[in-house]
Amino acid sequence: MRLRELRRQRHLSQLKVAMDLNMNQNSISRYETGEREADYATLIKFADYFHVSVDYLPEHTDEPKPYPKKTT
């Protein structure tokens with residue numbers, strides 16, 4: 001998962017990300033090392049936080065930009 005890469009690019013600590021997302025720093029560490037896999041709701045939190053697509057996080061695509069939201 002690209003979580004560590006995104007966090008480091010933005011000069012954020014694991015603790016800062018954890019606090020912003022109301023999570024535990026230890027969980028962030030485990031997601032980054034692959035000890036723990038993020039469920040879909042957590043992937044959405046990360047994608048929204050880093051402004052990337054959900055598919056970009058687990059490396060299903062190399063395009064970081066999310067699709068534009070549809071307006072009705």
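- Across all non-hydrogen atoms, the minimal contact from K45 to L21 is NZ-O, 3.7 Å.
- For the atom pair CD1 (I28) and CE (M19), the distance works out to 12.0 Å, reported to the nearest 0.5 Å.
- Both tests pass for R2 against the ring of Y56: distance under 6.0 Å to the centre and angle within 45° of the axis.
- Residues satisfying the salt bridge (Lys or Arg N to Asp or Glu O under 4.0 Å) criterion with R4, sequence neighbours excluded, are E32.
- In plain terms, the two heavy atoms of A47 and S53 that are nearest each other are CB-C, 4.0 Å.
- Residues M1 and A38 approach most closely at CE-CB, 4.4 Å, considering heavy atoms.
- Annotation for L57 and L43: closest pair CD1-O, 3.4 Å, computed over non-hydrogen atoms.
- Remark: R36 pairs with S27 by the side chain to side chain donor-acceptor pair (under 3.5 Å) rule, at least two apart or across chains.
- Residues meeting the side chain to side chain donor-acceptor pair (under 3.5 Å) test with D20, sequence neighbours left out: K16, Y49.
- A donor-acceptor contact shorter than 3.5 Å is absent between the side chain of R30 and the backbone of E35.
- For Q25, the side chain to side chain contact (heavy atoms under 4.5 Å, CB included) test picks out Q14, L15, A18, S29, with sequence neighbours left out.
- Within the structure, the ring pair (Phe, Tyr, Trp, His ring centres under 6.0 Å) test picks out the following pairs touching residues 10-47 (sequence neighbours left out): Y31-F46.
- Remark: D39 engages A41, T42 in a side chain to side chain contact (heavy atoms under 4.5 Å, CB included) (not counting sequence neighbours).
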